[in-house]
Every structure is written in structure tokens, then in C-alpha cells.
Amino acid sequence: MSITAIKGFNDLLPSESGLWQFIEQTARQVFARYGFNEIRVPIVEKTELFCRSIGDTTDIVEKEMYTFTDKGGSSLTLRPEGTASVMRALIEHKLYALDSINKLYYMGPMFRHERPQKGRYRQFHQIGAEVTGAADPLIDAQVLLMVSRLFKELGLTEPSLQINSLGCPVCRPAYREALVAFLAQRQDALCEDCRRRQTTNPLRALDCKVPGCVEATKGAPAMLEHLCPECDLHFSAVQNYLAVAEVPFSLNPRMVRGLDYYTRTTFELVTGLLGSQSAVAAGGRYDGLVEQLGGPAVPGIGFALGVERVALLLGDRNFDGTPDLFIAVLGDAARTAGFHLMAGLQDQGFWVETDCEGKSLKSQMRRADKLKARYSIVLGDTELTAGSGSVKCMGDGSQQAVNLTVAAITEILTGG
RNA sequence: GUGGCCAUGGUGAAGCGGUUAACACUUACGACUGUGACUCGUACAUUCGAGGGUUCGAUCCCCUCUGGCCACCCCA
């Protein structure tokens with residue numbers, strides 16, 4: 001058996017790369033309009049970074065990270081998400097000192113050891129953006145506006161925006177207690193997982209899909225009703241700004257996060273078209289994260305989208321271009337002349353193809369057709385002596401005489 | 001990590017104990033000796049994910065492994 005790729009690690013083949021480039025390019029264009037600059041951070045970080053940011057007791061850190069010991073004895077990890085690295089870089093290079101507001105975006109592979117499924121792989125790709133330095137709800141709304149515009153530019157209307165507020169260190173502990181007390185009364189109705197999570201992450205019970213849990217948590221206290229005055233004000237301001245910008249959204253009081261660092265505004269773009277992989281993009285505010293990682297008390301908010309999932313939503317689209325001209329050649333002299341002509345036309349910016357296998361004219365024409373070349377030209381002894389030939393339009397089969405010069409052919413290629 | 005279903009060429013797939021392993025597409029060459037598309041012809045799986053077992057014989061039955069899909073879990 002020949003060597004294959006690792007389970008959950010996929011090749012992106014030429015037939016799909018056009019779609020990915022479209023997604024990436026659209027993201028870059030949209031982000032630029034909102035003043036974001038790209039940051040490129042390493043794929044491997046010290047394990048501690050993720051433990052401290054994502055949270056020791058989260059599933060990601062507990063059982064999904066690709067962690068290994070390097071030759072120097074340090075524990076390193078293939079990044080499972082992007083925000084931690086970006087914040088690490090922000091602190092390490094004191095970017096917060098250069099400018100009070102930093103707007104950064106990134107794209108690249110992330111790694112989580114999960115069971116592969118459609119839209120979920122062990123190496124997957126995210127495009128994300130982060131804003132640090134501003135706690136104002138206007139920033140929350142701006143990020144949401146940008147996300148919604150990005151999906152619009154991508155041509156997707158399907159994923160819908162859901163928002164929620166998770167409160168802050170002032171109001172969340174009290175809410176958590178209220179919820180734990182509520183759940184404690186309904187112990188018997190809860191599933192095994194939810195009972196286990198009561199001490200680690202009780203909020204998850206709100207998101208549980210087991211029928212018993214759904215039933216048991218029906219009257220559960222909602223975070224939105226336990227927000228402190230500041231958080232409450234912040235959240236209603238976010239909603240007002242969204243209304244001003246005409247960004248459609250719905251409230252999902254049960255939305256929780258798998259990462260510990262989130263505070264206040266959280267959001268998801270969800271779709272019903274990807275089976276259980278319903279989240280296409282997600283993010284939220286993380287006001288304590290930078291400080292938690294040893295930096296100053298800088299607030300932040302960001303999001304990431306799953307490129308594989310967006311690609312699935314966009315489906316099969318043809319992004320392939322076609323050659324402008326195919327030069328068919330007969331004999332060595334023509335081959336050399338054709339090569340010269342090809343080089344000149346390529347310098348003019350045209351996509352030009354020619355035979356490189358010494359094939360018959362028929363085969364060369366077939367290839368021109370298969371490549372969907374717009375025009376073709378045949379070069380043989382007759383053309384070389386005459387210094388002219390005829391260019392054939394592959395669409396309608398018409399031919400027109402032309403001198404064998406870059407200028408003359410350029411005129412036809414641009415004119416037609 | 002748990003459970004269910006699945007695995008035949010470059011692709012989509014028939015076959016289901018003994019077959020030349022169908023058919024279609026793709027690809028290559030030719031009919032058309034200097035002009036593609038349509039048409040026609042020819043070629044393309046000693047082999048049925050890998051390894052064992054049962055059998056006179058296994059693509060077909062059994063086991064193990066690997067991979068895929070779906071659901072759970074989790075999440076982008």
C-alpha cells in the first residue's frame with residue numbers, strides 16, 4: 001500500500017483551490033474596507049498559551065490538541081484556534097502601544113484531534129479577525145456588520161446571525177450559581193454529560209440536545225436576565241447599532257461557548273445545510289484575555305469562520321479561466337517560432353498554451369478545444385515563409401488572417 | 001472517544017461462491033496524410049481498500065485492520 005495522507009488531513013486539489021482563493025480574496029477585500037491588517041503567526045505555540053487562553057477544562061484542551069515534546073523538552077502544540085496566538089503576538093510586540101486600537105486578521109490551518117465528519121477535519125482552516133483596545137458596543141456592532149457583509153459578498157444569505165451576551169466577571173458568577181442551583185433540583189432528569197459538567201461548565205446544559213435535558217432546562221434562568229447594569233447596557237447598545245446598520249440577527253439566549261475566554265457579546269452564524277456542523281462562523285468579546293495572558297487590560301472582540309464549511313455552502317463553482325490562445329506547431333522551425341511568439345504574448349499578459357509533446361495537429365487542436373482556448377493558430381512551414389497565418393476563433397470556427405507578430409495577434413486577442 | 005452504515009478502474013457504477021468483472025463517462029490513438037467540437041473504431045481493472053481465515057475454488061461468506069459517510073460528543 002502506498003503512503004496516504006493522515007486521517008482528517010486533506011489535500012486541497014486544483015479543482016477546489018479556485019473556490020478557496022475566492023473565499024480568501026473576498027475576505028481580504030472586505031476586511032480591508034474595515035481597516036483590518038493581516039497578521040501571520042506561527043502554527044506551533046507553547047502548550048501553555050492554549051491552556052491559559054482557551055481554558056484547562058475545555059474539551060479542546062483536555063482531549064483535542066496535538067501536543068508533543070520537542071527536542072529541547074518543551075511542550076508544544078499545533079494551534080487549535082487563532083485568537084490565542086494573535087493576542088500573544090499583540091503582547092509580545094507591544095502592538096497595543098503603537099496604537100490604542102488594533103484591527104488584525106489571519107487565515108490558515110488549525111488542528112484538533114476530533115473524529116472527522118463532513119465539514120469537520122483534523123486540519124481545518126479558519127479566517128478570523130480581532131479588534132483590541134475598544135470595549136465600546138459600537139465595535140461589537142462593527143465586527144458583526146463586517147461579518148454579515150463578508151457573507152453577503154460571498155453570495156451567501158443562508159447562515160443567519162444569532163447573538164447572545166455571556167455577561168462579565170461581575171455578573172456571570174452569580175448567574176452561574178443560580179443556574180447550578182436550578183440544575184441541582186433537576187439532577188435526575190439530566191443526562192450523564194450534563195451532570196458531570198455541572199462543576200466544570202454548567203452553562204453547557206443549556207445547549208444540550210438530549211430530550212430530557214431540553215425538557216429539564218426549560219424554565220432555567222437565562223444569562224440575559226442576570227446581566228449586571230453595565231453588561232445590560234452594552235448589549236442593548238449593540239442591538240441598537242445593529243438595527244441602525246440594518247444587520248439582521250436573532251437572539252439566542254442559550255448560546256454558549258466552548259472557550260473560556262468569552263465575555264459579553266457572543267455570536268454565531270448558523271446554517272441548517274451542513275448537518276450537525278451548523279456553525280459556519282462564531283466569535284465574541286474577550287475583555288479579560290489579554291490581561292490573562294500577561295498583557296495590559298486591553299479589551300478585545302473577534303470571530304473566525306470555517307473555510308471548509310463556507311466552501312461546502314458555496315458548493316461546486318467553476319473558477320477556472322481559459323487560455324487566450326493555443327499555438328499549434330508543425331515541425332521544429334515552427335516550434336521555435338511558436339515558442340518565441342508565445343513568450344512575447346505572455347509578456348503582454350495573455351495566457352498562451354502550445355504543444356509540448358510533439359503531437360499530431362489533430363491532437364493539438366483537440367487539446368486546444370479541451371482547454372477551451374479562445375483562439376488557436378497553426379504554425380507550419382507555409383506560415384513561416386509567408387510571415388502570416390490565420391487565427392481561428394474556437395467559439396464560432398471563423399478564421400482571420402494575421403501577421404505573425406506579437407502586436408498583430410495582440411490586437412485580435414484584445415479586440416475579439 | 002461512542003454508535004450505525006459503507007468500501008469494485010481516473011470517475012459514476014453492475015456483478016454477489018466458478019463470468020473474458022457489464023455499461024457509461026474520462027483519457028489516449030486513429031478514421032480526417034495541415035485545423036477542435038458531432039460521429040465511428042481501437043485501447044485502458046490478471047483484479048474487486050489491506051491482511052488473514054473457511055472452501056476444490058472467493059470480489060461475493062467470516063475475522064482483524066485501514067479509510068469514508070452519518071449521528072452522538074464537541075466545534076469553525
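Predicted model only: the values in this text are computed from it and were never measured. Proteins get letters first, then strands, A, B, ... in listed order; numbering begins at 1 in each.
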- Task: Specify the residues of residues 102-119 of chain A, ordered by number, for which at least one heavy atom lies under 4.0 angstrom from an atom of RNA chain B.
- Result: A:R112, A:E114, A:R115, A:Q117, A:K118, A:G119
- Under-4.0 Å side-chain N/O to phosphate OP1/OP2 contact, A:S360 with B:G30: yes
- Rounded to whole angstrom, note down the P distance from B:C63 over to B:C6. 13 Å
- Listed by chain and number, what are the side-chain contact (heavy atoms from CB on, under 4.5 Å) partners of A:L12, not counting sequence neighbours? A:E16, A:S17, A:W20
- Task: Take atom C1' in B:U55 and the same atom in B:A14, then report the distance between them in whole Å.
- Result: 26 Å
- Task: Please determine if A:R335 and A:D355 form a salt bridge, counting it only when a charged side-chain N lies under 4.0 Å from a carboxylate O.
- Result: yes
- Task: Please report the closest heavy-atom contact between A:P42 and A:S85, naming both atoms and the distance.
- Result: O-OG, 4.3 Å
- Item | Passing option when A:E45 is tested against A:R88, A:R52, A:R79 for salt bridge (charged side-chain N to carboxylate O under 4.0 Å, His left out) | A:R88
Each nucleotide N or O in nucleotides 65-67 of chain B that has a protein N or O under 3.5 Å away: list the pair and distance.
none

- A:L259 near the nucleic acid: base, sugar-phosphate alone, or nothing, with a heavy-atom cut-off under 4.0 Å? sugar-phosphate
- Message: Ignoring hydrogens and geometry beyond distance, is the side chain of A:R120 in donor-acceptor contact with the base of B:C73 at under 3.5 Å?
- Response: yes
- Task: For RNA chain B, determine which residues of residues 12-27 of chain A have any heavy atom closer than 4.0 angstrom to one of its atoms, and list them numerically.
- Result: none
- Counting primed atoms, P, OP1 and OP2 as sugar-phosphate and everything else as base, the B/S/- map of nucleotides 35-41 of chain B against protein heavy atoms under 4.0 Å is BBB----
- Message: Please determine whether a side-chain nitrogen or oxygen atom of A:T58 lies at a distance below 4.0 Å from atom OP1 or OP2 of B:C75.
- Response: no
- Give one of base, sugar-phosphate or nothing for A:K359, where a contact means two heavy atoms less than 4.0 Å apart. sugar-phosphate
- Any donor-acceptor N/O pair under 3.5 Å between B:G34 base and A:T382 side chain: yes
- Query: Can you list the stems that RNA chain B is part of, where a stem is at least 3 pairs in a row, each Watson-Crick or G-U, with both distances below 3.5 Å?
  - Reply: B:1-7 with B:66-72, B:10-12 with B:23-25, B:27-31 with B:39-43, B:49-53 with B:61-65
